[in-house]
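Input: a single structure, listed below in structure tokens.
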Amino acid sequence: MSQFKLNRRRFLVGAFAALGASAAMPLLAACQPQAVENAVEAEKSMDFKGDVKIDGSSTVFPISEAVAEEFMKVHRNVRVTVGVSGTGGGFKKFCLGETDISDASRRVKDNERDICTENDIEFIELAVAFDGLSVMVNPDNDFVDHLTVEELNKIWEPESEVNNWKDVRPGFPDLEIKLYGPGTDSGTFDYFTDEINGEEGASRSDYTASEDDNVLVKGIAGDKGSLGYFGYAYYIENTDKLKVVPIDGGDGPVLPTPETINTGTYAPLSRPIFIYPSINSLINKPQVLEFVKFYLMDGPALVPQVGYIQLPDADYAESWEKVKAAVE
């Protein structure tokens, strides 16, 4: 029996018991489906209240937003807000105690961990999905059939002088490259620069940067010479506006797909993505604990709906055990 059904059963049984046997029998007889539904709705709205504050990665945002919407349908007295300030921006707020949960498309850095420690913010790292960081060009681009890691490095390395597609590979046309990518507060920026340029944060700076991936989508879709990168979900949402590029990490060109991302054959740009709940919030705000439970129990079904890849069921179960151990 699901937790929700169990709670509903306990709620109804408790209500009837409180009335006493003589009063409960007529009520039970009259308790037609609409009456039962009304009782359930009352239970939904009364069990938790308050707010849950989330901020951070634009990559993780679609998952957290979807989970928040479904959670608030069940718990109508809880308000869940999900902000997008990039992984780094999210940790800045989180480590000052301004949010309950930080969305992250990379693991927390040592300096961020230190700031959290200074402010007595303890947390748990919970992986929630797999992502394939995707490289995009304009759909009218008919000459790029794939790019190698070495070519991406040539384009994106610090002080790169590649400003034209003809400088990337012999046979490419004389066409100016317009680059689009995440800002420096983005975990996607950190991950891409580490994997492609060999050092986290090492990148040319003369590109259009934004923490809002929809801005990047619009830029790439509007310029034939464009090239950019962001999370797989934003490609899936915009397949009519973008062309995804297979990446050759050394074993031949591979497209990002649910299968190649899940198996890691889409290398080196497959990665896990995370949420970081505050232990203090889990302990002192019951609605936060219930939200994280919902995220791990009901959220996985939403992951593919927003364009990402589910983890194995055992991983979510193990994460919930970590949460329970932290609040005991």
Side-chain angles (χ1 to χ4, degrees), residues 59 105 130-183 186-210 213 216-271 307 309:
T59 302
S105 58
F130 287 127
D131 176 35
L133 197 158
S134 302
V135 178
M136 305 290 149
V137 294
N138 186 278
D140 291 334
N141 183 318
D142 58 3
F143 56 89
V144 173
D145 58 350
H146 76 281
L147 289 170
T148 67
V149 167
E150 290 76 15
E151 288 169 337
L152 286 174
N153 170 255
K154 184 179 180 181
I155 295 168
W156 284 98
E157 66 183 345
E159 312 304 327
S160 171
E161 297 182 357
V162 174
N163 297 303
N164 194 297
W165 280 105
K166 69 180 182 180
D167 299 324
V168 176
R169 185 189 303 170
F172 279 1
D174 182 359
L175 178 66
E176 184 182 4
I177 292 180
K178 295 289 185 66
L179 296 174
Y180 298 85
S186 168
T188 297
F189 170 83
D190 290 334
Y191 188 87
F192 182 86
T193 53
D194 190 23
E195 293 295 334
I196 299 302
N197 295 333
E199 180 182 349
E200 192 174 284
S203 174
R204 66 189 297 169
S205 59
D206 57 336
Y207 69 96
T208 299
S210 178
D213 290 336
L216 305 181
V217 169
K218 185 176 180 180
I220 297 169
D223 192 322
K224 185 177 179 179
S226 61
L227 173 74
Y229 65 93
F230 42 73
Y232 183 68
Y234 288 91
Y235 161 64
I236 292 299
E237 286 185 0
N238 297 280
T239 54
D240 58 329
K241 301 175 185 176
L242 303 167
K243 175 182 173 182
V244 66
V245 179
I247 301 302
D248 186 349
D251 295 317
V254 179
L255 275 169
T257 67
E259 181 180 1
T260 61
I261 294 168
N262 191 26
T263 60
T265 54
Y266 179 65
L269 297 179
S270 295
R271 58 177 179 169
I309 293 84

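What you see is a predicted model; the values in this text were computed from it and never measured. The analysis underlying the following values was restricted to heavy atoms, covering all of them including side chains, and did not include hydrogens, waters or symmetry mates.
- Taking the six-membered ring where the residue is Trp, Tyr207 and Phe189 present parallel rings, their angle staying beneath 30° rather than reaching 60°.
- The shortest distance between side-chain heavy atoms of Val217 and Met136 does not fall below 4.5 Å.
- Taking OG1 of Thr188 as the reference point, atom CZ of Arg271 lies at 3.5 Å (rounded to 0.5 Å).
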From CA spacing to verdict: side chain to side chain donor-acceptor pair (under 3.5 Å), Asn163, Arg204: CA-CA 11 Å; Asn163 297 303; Arg204 66 189 297 169; 2.9 Å; yes

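- Interatomic distance, Tyr180 OH to Asn138 CG, rounded to the nearest 0.5 Å: 9.5 Å.
- With contacts defined as side-chain heavy-atom distances shorter than 4.5 Å, the pair Pro258/Phe130 does not qualify.
- Between atom CD1 of residue Ile196 and atom CD of residue Glu151 there is a gap of 11.0 Å, rounded to the nearest 0.5 Å.
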Between Glu195 and Val149, does a side chain to side chain contact (heavy atoms under 4.5 Å, CB included) hold up when you go through it step by step? CA-CA 9 Å; Glu195 293 295 334; Val149 167; over 6 Å; no

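- Taking every heavy atom of both residues into account, Ser134 and Gly231 meet most closely at OG-C, 4.5 Å.
- Annotation: side chain of Tyr191 is not in contact with side chain of Ser105 (no heavy-atom distance under 4.5 Å).
- Side-chain N or O atoms of Tyr266 include one that pairs as donor or acceptor with a backbone N or O of Leu133 at under 3.5 Å.
- Listed by first and then second residue, the salt bridge (charged side-chain N to carboxylate O under 4.0 Å, His left out) pairs that reach into residues 246-261 come to none, sequence neighbours excluded.
- Residues passing the salt bridge (charged side-chain N to carboxylate O under 4.0 Å, His left out) test with Lys178 are Asp223, sequence neighbours excluded.
- Put simply, the side chain of Asn238 gets close to the backbone of Tyr234: a donor and an acceptor are under 3.5 Å apart.
- Atom CG of Asp190 sits about 10.5 Å away from atom OG of Ser203, to the nearest 0.5 Å.
- Between Thr239 and Val244 there is no side-chain heavy-atom pair separated by less than 4.5 Å.
- Side chain of Thr193 to main chain of Glu200: no donor-acceptor pair is present (N/O by atom type, distance under 3.5 Å, no hydrogens or angles).
- Annotation for Leu175 and Asn164: closest pair N-OD1, 2.9 Å, computed over non-hydrogen atoms.
- With rounding to the nearest 0.5 angstrom, the CG atom of Asp131 is 7.0 Å from the CD1 atom of Ile309.
- Side-chain N or O atoms of Lys243 include one that pairs as donor or acceptor with a backbone N or O of Val144 at under 3.5 Å.
- Across every non-hydrogen atom of Ile247 and Ala267, the tightest pair is CG2-O, 4.4 Å.
- Proximity of a side-chain donor or acceptor of Ser270 to a complementary backbone N or O of Gly264 within less than 3.5 Å is not detected.
- Between Val168 and Trp165 there is a side-chain heavy-atom pair separated by less than 4.5 Å.
- Proximity of Tyr229 to Leu152: side-chain heavy atoms (C-beta onward) are nowhere separated by under 4.5 Å.
- Looking at every heavy atom in both residues, Ala209 comes nearest to Gly183 through CB-CA, 4.0 Å.
- Asp213 is linked by a salt bridge (charged side-chain N to carboxylate O under 4.0 Å, His left out) to nothing, counting only residues two or more places apart in sequence or in another chain.
- Between the side chain of Trp156 and the main chain of Asn197, no donor-acceptor pair closer than 3.5 Å is present.
- Looking only at distances, no side-chain donor or acceptor of Thr260 sits under 3.5 Å from a matching main-chain atom of Thr265.
- We find the CG-CG distance between Asn141 and Leu242 to be 12.0 Å, quoted to the nearest 0.5 Å.
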